[in-house]
Amino acid sequence: MNRLLSGTPLLWALVSCASAPSPSVEAPSAAAPPRAPPRVERALARSEPTPRPTRKAMVRRILPLNVRLVTTVGGKVRSSASGVVIGTEAGASGPVSYVLTNAHAVEQGDLENPVLKAVMDLRAETHEYAAEVVATGEVPDLDLALLRVPGVTWPAAELAGDDELEPGEDVVVAASPYGRALSISGGMVSQVEWDPRTKLPRMLKTDAPIGYGASGGGIFSLETGRLLAIVEGYRTAKVDFEVATQNYSFDVPMPGETFAAPSAKVRGFLQAKGFGWLLERAADAEGAGARKTASR
C-alpha cells in the first residue's frame, strides 16, 4: 500500500512533464520541395500524355470536313451523294476547296443541263456552292473523283497512313444518306485487303451501317480523326415477299459489307491526276501547326 501511494506523485509528475511543451525545442516545419527551372517545367508539361478526346469532341472535329453533294436539273434534285474536303488553295480569283467523292456519284449521263452543288449544312443553315469535276477514276477499279469548289476555304481532312488501317479500329462514317443532312454512324474496320504486288491496302470494309446516298462519305478513325477511306458501296441482299397476291422486293444492306477505297488508293489517285500537291500542302500545314505548338 505504501509502495503504491508513494509512486503516484512521481507518475503524475512524469505525465505532467510529458504533456508540457518544451520552450527550447521547436517542431520542424515542412519545407517546400525545390522547383525546377521554368524551361524544365514546360518540357515536363509537354511530355505528359494528352487525354484522348471524347466521342462527341471527335465527331465535332470530323463533321466540318464533310459535305453533301446534289445534282439538280431544272431546280429538281436528280441524285445525291457525299464528299470529303481534302485540301484548299488560294487561287488567283479567290479561295478554292477540293472535295473527294466517288466517280459513279458524279456521273451525269444523259442529263440535260445538270448542276452539281456542294452543300454545307450548319445546324439550321444550309449553304450551297457550285462544284465542278476536275478528275475522275475508272469505275470499278478506281471509283474516285475530285471536285473543285471555288469561293470557300473549308477545313480539310488529313489522310491516314497505311499502317493505321487495322481490323478492329474504331471508326465513324460521315455521310448524307438519302440526300439528307450529314449524319454519323459508328463501327469498326472489319477487313483490310492488301495488294500482293504493291504491298498496299486496296480495299477496306467496315460494319458501320450506311444507306443510299452515302457513296463518297468519309470513314474516319475515332482515335486520331484521320481519314481512313472513302465509301464506295455496299453489298445488299434482295428480300422478296407477297401481299394480297402482289409480289414486292427490295435490297437490304448487309451488315459488315460496306466497301471503301483506303487512304493508299486516295493518295495514288491524287498523285496520278496531278493533285499530289494537295497532300504536300496538308503535310506542311500539319508540320507548321506542330512547330507552333512546340514553340509555346
Side-chain angles (χ1 to χ4, degrees), residues 52 58-59 61-62 65-66 81-87 98-106 135-147 156-175 184-210 214-236 253-283 285-287:
R52 178 176 175 176
M58 188 58 73
V59 167
R61 169 182 167 185
I62 289 171
L65 310 177
N66 303 269
S82 309
V84 181
V85 183
I86 195 63
Y98 290 88
V99 175
L100 273 171
T101 187
N102 291 147
H104 80 261
V106 294
T136 56
E138 296 294 330
V139 181
D141 294 333
L142 193 58
D143 191 5
L144 292 171
L146 184 67
L147 312 182
E158 178 189 349
L159 271 182
D162 299 335
D163 58 341
E164 296 181 54
L165 278 64
E166 290 286 345
E169 176 81 9
D170 290 331
V171 300
V172 291
V173 179
I184 290 288
S185 61
M188 67 179 178
V189 174
S190 54
Q191 182 186 12
V192 179
E193 184 179 301
W194 294 78
D195 190 320
R197 182 179 59 85
T198 63
K199 311 300 181 184
L200 296 174
R202 65 182 178 187
M203 188 272 293
L204 179 144
K205 284 202 308 183
T206 177
D207 64 349
I210 64 169
S215 294
I219 301 179
F220 295 86
S221 166
L222 193 56
E223 180 178 357
T224 66
R226 297 190 182 100
L227 178 65
L228 298 175
I230 296 291
V231 174
E232 291 181 313
Y234 50 88
R235 196 187 307 278
T236 61
M254 296 179 63
E257 294 296 319
T258 297
F259 301 90
S263 54
K265 185 176 285 189
V266 171
R267 193 175 293 108
F269 166 72
L270 292 175
Q271 293 170 344
K273 297 299 182 179
F275 289 92
W277 55 269
L278 287 173
L279 302 175
E280 297 171 2
R281 187 163 297 182
E286 180 188 1

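Sequence positions, counted from 1, serve as the residue numbers for this chain.
- Contact record, A208 with G187: CB-N, 4.0 Å, taken as the closest heavy-atom pair.
- In this structure, CD in E138 is found 12.0 Å from CG in L144, a value given to the nearest 0.5 Å.
- Taking each heavy atom of S215 and H104 in turn, the nearest pair found is OG-NE2, 3.2 Å.
- The side-chain heavy atoms of T258 and V173, taken from C-beta on, include no pair separated by under 4.5 Å.
- Summarising the geometry, atom CG belonging to L142 is positioned 8.0 Å from atom CD belonging to E232; distances are rounded to the nearest 0.5 Å.
- Atom CD of E193 sits about 9.0 Å away from atom NZ of K205, to the nearest 0.5 Å.
- For the side chain to side chain contact (heavy atoms under 4.5 Å, CB included) with I219, the qualifying choice from V189, V84, T206, V172 is T206, the only one to do so.
- Partner of I86 under the side chain to side chain contact (heavy atoms under 4.5 Å, CB included) criterion, out of L159, I230, V99, T101: L159 alone.
- Contact detail for P262 and A260: the closest heavy-atom pair is CD-O, 3.4 Å.
- The minimum heavy-atom distance between A160 and R267, with the atom names listed, is O-NH2, 2.9 Å.
- With hydrogens and angles disregarded, a donor-acceptor distance shorter than 3.5 Å links the side chain of E164 to the backbone of G161.
- No donor-acceptor distance shorter than 3.5 angstrom exists from the side chain of S82 to the backbone of G216, with no hydrogens or angles considered.
- With rounding to the nearest 0.5 angstrom, the CD atom of E166 is 11.0 Å from the CG atom of L204.
- Of all heavy-atom pairs between G137 and F269, the closest is N-CE1, 3.8 Å.
- Using a 4.5 Å heavy-atom cutoff, the side chains of E158 and S263 are not in contact.
- Looking at every heavy atom in both residues, V231 comes nearest to N102 through O-OD1, 2.8 Å.
- With a 4.5 Å cut-off on side-chain heavy atoms, E223 and M58 do not count as touching.
- Between atom CZ of residue R226 and atom CG of residue L165 there is a gap of 11.5 Å, rounded to the nearest 0.5 Å.
- Using cut-offs of 30° and 60° on the angle between ring planes, the pair Y98 and W277 is perpendicular.
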Next on the checklist: Applying side-chain contact (heavy atoms from CB on, under 4.5 Å) to D207 and M188, what does each step give before you reach the verdict?
Outcome noted: CA-CA 6 Å; D207 64 349; M188 67 179 178; 3.8 Å; yes
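- L227 contributes atom CG, which lies 9.5 Å from atom CD1 of I62 (distance to the nearest 0.5 angstrom).
- A donor-acceptor pair under 3.5 Å links the side-chain atoms of K273 to the main chain of T136, judged by distance alone.
- Using modelled atom types, no side-chain atom of N66 and backbone atom of G217 make a donor-acceptor pair closer than 3.5 Å.
- A distance-only check finds no donor-acceptor pair linking the side chain of S185 to the backbone of I210 [under 3.5 Å].
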Item to check | Steps toward salt bridge (Lys or Arg N to Asp or Glu O under 4.0 Å) verdict (K199, D162) | outcome: CA-CA 10 Å; K199 311 300 181 184; D162 299 335; over 6 Å; no
